[in-house]
Amino acid sequence: MSDNKNGHIFSITGNLISVDFYENVRQNEIGYVLTKDKRLKAEVIRINGNRAEMQVFEETGGLKAGDDVEFTSELLSVILGPGILGQVYDGLQNPLPEMAEKYGFFLQTGIYLKPLDENRKWKFTPIAKPGDTVYPGSYLGNVVENIFDHKIMVPFGFRGSFKVSEINPEGVYSINEPVAVLETPKGTQETVTMSFRWPVKVPVELYRQRLLPADPMVTGIRAIDTFFPVSLGGTYCIPGPFGAGKTVLQHVTSRHAQVDIVIIAACGERAGEVVELLREFPQLTDPRTGRSLMERTVIICNTSSMPVASREASVYTGITIAEYYRQMGLHVLVLADSTSRWAQAMREISGRLEEIPGEEAFPAYLESRIASFYERAGFVELHDGNSASVTIGGTVSPAGGNFEEPVTQGTLKVVGAFHGLSRARSDARRYPAIDPFESWSKYNGVIEKQLVEQMHSVLFRGDEINQMMRVIGEEGTTIEDFLVHLKAELIDAVYLQQNSFDEIDGFTPASRQIHVFNLLREIVNTPMKIDSKQQARGFFNKLRQKMLDWNYSKWESEEFDKDESDIRTLINEVSADAEVS
Amino acid sequence: MQKFHNRILSVAGNVITVSAEDVGYGELALVNIEGGSSLAEVIRINGSKIDLQVFSGGRGISTNDHVRFLGHPMRVSFSDNLLGRIFNGSGEPMDKGPRLTENLIELGRPTVNPVKRIIPDRMIHTGIPMIDLFNSLVVSQKLPIFSISGEPYNPLLARIALQAKVDLIILGGMGLKHDDYLFFKDELEKGGALSRSIFFIHTASDPVVEALLVPDLCLAVGEKFALNGKDVLVLLTDMTNFSDALREIAVTMEQVPSNRGYPGDLYSQLASRYEKAVDFENAGSVTILAVTTMPGNDVTHPVPDNTGYITEGQFYLHGGRIDPFGSLSRLKQNVNKKTRDDHRAIMDSMVRLFAAYRETQEKRAMGFRMSEWDEKLLKYGELFETHMMDLSVNLPLEQALDRGWMILSICFDPQEVGIKTELIEKYWNREIKKAKDEGLEFNVTFPEKGSGGVYMSSFALERDEMDSDIPEQVNRNGRNTANEK
Ligand SMILES: Nc1ncnc2c1ncn2[C@@H]1O[C@H](COP(=O)(O)OP(=O)(O)OP(=O)(O)O)[C@@H](O)[C@H]1O
Ligand SMILES: [Mg+2]
């Protein structure tokens with residue numbers, strides 16, 4: 001208690017404690033509550049006079065007024081270095097597999113394990129030479145982590161330029177061994193190892209410039225890549241009522257997305273969903289690399305029954321790791337499920353702080369927090385001229401499935417694409433339930449915008465006609481309109497809808513999307529000699545069936561070609577003009 | 001280290017404030033109130049001022065009542081002696097049995113490490129096609145029944161509990177009507193399951209906040225049994241009453257409400273209970289089936305809404321039926337790939353067609369002429385409702401699938417149902433197709449619900465003269481189906 005860096009608990013409400021302190025305390029500084037057998041991590045979130053309010057990252061059961069708190073002067077940080085890929089961390093970067101190995105079935109309060117294996121040896125190859133001038137983020141060397149060249153960099157927290165005084169020769173080292181010595185402008189020497197800390201709430205901005213996201217990030221999901229695309233370095237959100245398919249969509253994306261690294265932040269959702277990833281990913285091979293999918297994946301897992309404050313931290317942990325790998329010239333995708341739980345964590349704390357509540361009791365700074373999170377995405381040109389990106393996709397779980405709520409609205413203001421899931425579609429099992437009328441994207445997809453718009457307008461028109469038919473009945477509808485309606489239904493059934501659980505239909509490569517889309521466009525543009533609605537329905541049922549079968553046949557296989565020619569034959573039978581070639 | 005405190009500083013609703021030192025957050029205290037005593041839990045510490053939530057409510061508390069801190073959080077005895085016993089919401093015996101004090105365990109134990117979980121893949125067969133076929137229930141699933149008062153959700157819970165082959169049934173009643181409590185007792189007794197059941201019952205006449213402990217009691221005990229290798233089914237009815245108790249406390253504590261008075265942490269509160277559902281590797285499991293009544297039949301009400309975001313699906317029970325719309329088992333794909341190759345296709349296609357049927361119904365209600373397609377849908381909807389949805393239908397999965405094909409074959413042509421050709425060829429009912437192709441009339445009969453063999457409710461397609469009787473299960477492709485029993 002004589003140590004002035006200590007303080008004492010004055011009050012406790014849920015996971016919020018207020019602590020009397022005696023010297024200096026920083027906003028967002030980390031402290032530990034010391035009880036007889038535990039050390040509980042906590043973060044300063046408000047300072048008032050000599051009292052600091054702190055959110056505790058653990059259950060606070062058993063804490064007492066008067067308990068000691070030890071301040072560390074450090075901000076909430078992660079450790080960056082080789083060995084992160086394939087890991088499963090909680091929101092504070094505790095490695096959960098190791099936790100399980102040591103403590104069994106249950107998570108332990110107040111236990112913090114080293115995020116990176118400090119004994120593992122990595123083969124280091126120097127890149128920089130003595131005498132080189134380097135900056136924070138400059139590459140000093142290289143180690144091979146799974147399939148990637150993991151760059152060993154000048155720690156991001158260094159300020160200014162440095163001269164390399166020493167650098168290790170090629171050899172195997174563990175992450176805490178020195179690999180280089182740098183001379184600061186002041187002439188002092190700094191030792192560099194293969195790992196360093198970085199505060200999670202501070203964006204890493206060590207690049208030459210940010211560029212406008214332009215290249216599509218292919219997901220293999222037709223409704224996304226064709227209709228509502230996402231660009232590398234872009235941001236998108238998936239709001240939808242419960243059970244509409246947000247998580248399934250993200251899981252499918254995490255498997256197939258054409259990026260280097262995927263970081264999944266399971267934030268305040270079900271533990272069971274993470275287990276599916278955990279158990280399946282090591283078994284799945286990434287077709288692009290032939291290696292296990294897990295090798296390119298990092299899972300940050302702070303599920304709904306884990307402490308709320310570390311849930312809030314988990315999205316920052318995820319994005320910081322993403323920025324770290326982006327710095328190596330890689331394309332990283334961050335999937336956060338669900339950002340609403342993150343927002344709710346802020347709400348819980350804000351409520352305990354008795355801040356003036358905004359709409360639905362969310363804090364007034366909700367929007368700016370959301371904005372600054374998505375701002376950390378981006379397509380960048382690094383200092384070596386290479387490009388790299390962080391793409392962010394977040395799900396939103398609006399109360400009552402109503403998008404007119406603070407988190408959805410705050411998110412829509414800042415993202416570049418919006419995949420709104422609709423209850424009506426998911427109830428009708430029209431998966432993925434991305435609403436074709438509400439969703440939008442500002443990015444370019446795998447197919448020319450203008451062509452997509454044409455198809456989109458058929459969907460719109462078909463929907464209008466369908467609405468109208470509800471009022472005036474089928475008999476009051478012209479055969480022309482009726483055909484448009486059926487064409488729209490066809491686009492929906494065979495293109496927008498997709499069986500995520502089928503090995504072939506679950507992932508449609510860009511080339512196949514273009515191919516199928518073109519045929520679909522031909523069909524839509526074909527004038528048809530059909531006189532009765534019954535005939536029309538019969539024909540479209542047959543066509544739909546054929547095209548569904550086609551979706552299940554392997555791309556560029558004989559079966560695929562055969563199905564296609566069957567489809568063309570079918571169309572030629574009703575075509576009013578020349579053959580569809 | 002027992003501490004007495006005479007002076008109760010304030011009483012507000014169910015929350016009292018006393019002055020005390022060295023009290024742990026979440027610690028339990030005993031408040032001696034005239035004519036009895038009540039448990040209370042520390043919910044806020046402010047220097048030496050301690051706020052306690054009194055489980056029997058604040059009514060009648062006097063400023064000179066005694067408060068004694070117990071030095072530990074809420075605990076419950078755990079042993080096989082619990083089996084067959086009935087306790088109240090504070091864990092006190094409600095039957096004539098003795099108080100249990102051995103082997104006390106704390107409530108709200110830590111969370112299971114996600115990496116220690118396994119993918120649940122054991123199906124629970126209930127005999128209810130709307131569950132087994134369309135939304136299979138899986139061991140370790142957490143799933144609520146969304147309903148409104150008046151619906152038979154408690155009988156449904158009891159039926160599932162009895163038909164599911166579990167080692168142990170734990171019933172948590174919150175605001176349970178006394179009659180319903182007796183009903184559960186009777187049903188489990190009749191089913192011979194009482195000796196492997198444990199009840200924690202908070203009835204509608206008990207103080208509201210006392211309901212708060214019920215899920216934790218059930219789940220703490222359930223988890224222990226599961227660790228000892230038992231497959232445990234926890235029934236929680238009704239979680240809306242639990243949430244209302246949370247709201248009551250929040251209001252007393254002057255917390256800023258997020259939505260209709262419910263506290264901002266309602267999601268986390270509910271999740272920390274539901275997430276106790278688990279399948280332990282090399283040990284047992286906890287499955288949670290809950291009832292959530294929807295005030296005003298509104299699914300966007302904060303309680304069902306937050307619940308839906310937490311659980312692994314939900315069953316909508318209304319009109320005495322489990323509605324295929326909205327009802328969802330999110331774990332079904334873990335089990336329905338290994339049942340029969342047509343399971344998923346039948347499930348998807350029948351629901352899609354049922355959606356179309358509902359649309360047609362609307363159109364008909366508006367007085368539109370029904371097209372041939374509409375007529376087909378109407379027939380389909382009727383068959384589906386009576387021979388699938390009705391809760392009295394009790395069929396093993398295979399037979400339910402066969403019945404699905406039967407209904408589709410009667411109502412539609414193969415290309416109208418949107419199923420892969422491969423499966424159509426394997427399962428489409430040839431006899432009916434042939435009869436239809438040849439324009440013959442035919443009769444189809446469905447076995448009476450529950451009891452195999454007896455046929456009832458026949459109907460005919462109004463086509464031609466001849467009458468060909470086709471039993472429900474037909475041999476096709478040389479493949480024997482369930483009829484051989
Ligand atoms: N693309 C799909 N194909 C088939 N089924 C799907 C698809 N998407 C969702 N489903 C079904 O819907 C269920 C719920 O999906 P999911 O878990 O993704 O919902 P969610 O929107 O994340 O819900 P919540 O907000 O409650 O987490 C799945 O378990 C699955 O049964
Ligand atoms: Mg989800």
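In what follows, chains are A, B, ... by sequence order, proteins preceding strands, each numbered from 1.
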Test your reading of the model: is there a side-chain donor-acceptor pair from [X] to the backbone of [Y], 3.5 Å cut-off?
| X | Y | answer |
| --- | --- | --- |
| B/S272 | A/S305 | no |
| A/Q344 | B/Y267 | no |
| A/R429 | B/A355 | no |

Non-hydrogen atoms of chain B under 4.5 Å away: do they reach the side chain of [X], the backbone, both or neither?
| X | result |
| --- | --- |
| A/R430 | neither |
| A/R270 | both |
| A/P97 | both |
| A/R537 | side chain |
| A/D427 | both |
| A/E348 | side chain |
| A/P398 | both |
| A/T303 | side chain |

So, taking the atom named [atom1] in [X] and the one named [atom2] in [Y], what distance separates them when rounded to the nearest 0.5 Å?
| X | Y | atom1 | atom2 | answer |
| --- | --- | --- | --- | --- |
| A/M306 | B/S268 | CE | OG | 13.0 Å |
| A/K546 | B/Q415 | NZ | CD | 12.0 Å |
| B/R273 | A/S304 | CZ | OG | 12.0 Å |

Under 4.5 Å between any side-chain heavy atoms of [X] and [Y], yes or no?
| X | Y | result |
| --- | --- | --- |
| B/Y309 | A/E269 | no |
| B/K116 | A/Y103 | no |
| A/K64 | B/I45 | no |

Chain A: which of [options] shares the most heavy-atom pairs with it under 4.5 Å?
| options | value |
| --- | --- |
| B/D348, B/V351, B/I310 | B/I310 |
| B/N334, B/I118, B/D298 | B/I118 |
| B/V299, B/I50, B/L227 | B/L227 |

Which atoms of [X] come close to chain A, meaning under 4.5 Å heavy atom to heavy atom: side chain ones, backbone ones, both, or neither?
| X | result |
| --- | --- |
| B/R330 | side chain |
| B/P324 | backbone |
| B/Q255 | neither |
| B/R358 | neither |

Pair B/D265 + A/R352: basic N to acidic O under 4.0 Å: yes

Pairing residues for B/T311 by the side chain to side chain contact (heavy atoms under 4.5 Å, CB included) criterion, not counting sequence neighbours: B/P144, B/Y274, B/T307

Greater than 12 external heavy atoms within 6.0 Å of B/R369's CZ: no

Chain B interface, residue from A/F10, A/F105, A/Y552 that has the most non-hydrogen pairs under 4.5 Å: A/F105

Partner of B/V115 by side chain to side chain contact (heavy atoms under 4.5 Å, CB included), out of A/I299, A/V88, A/V275: A/V88

Listed partners of A/T13 passing side chain to side chain donor-acceptor pair (under 3.5 Å), at least two apart: none

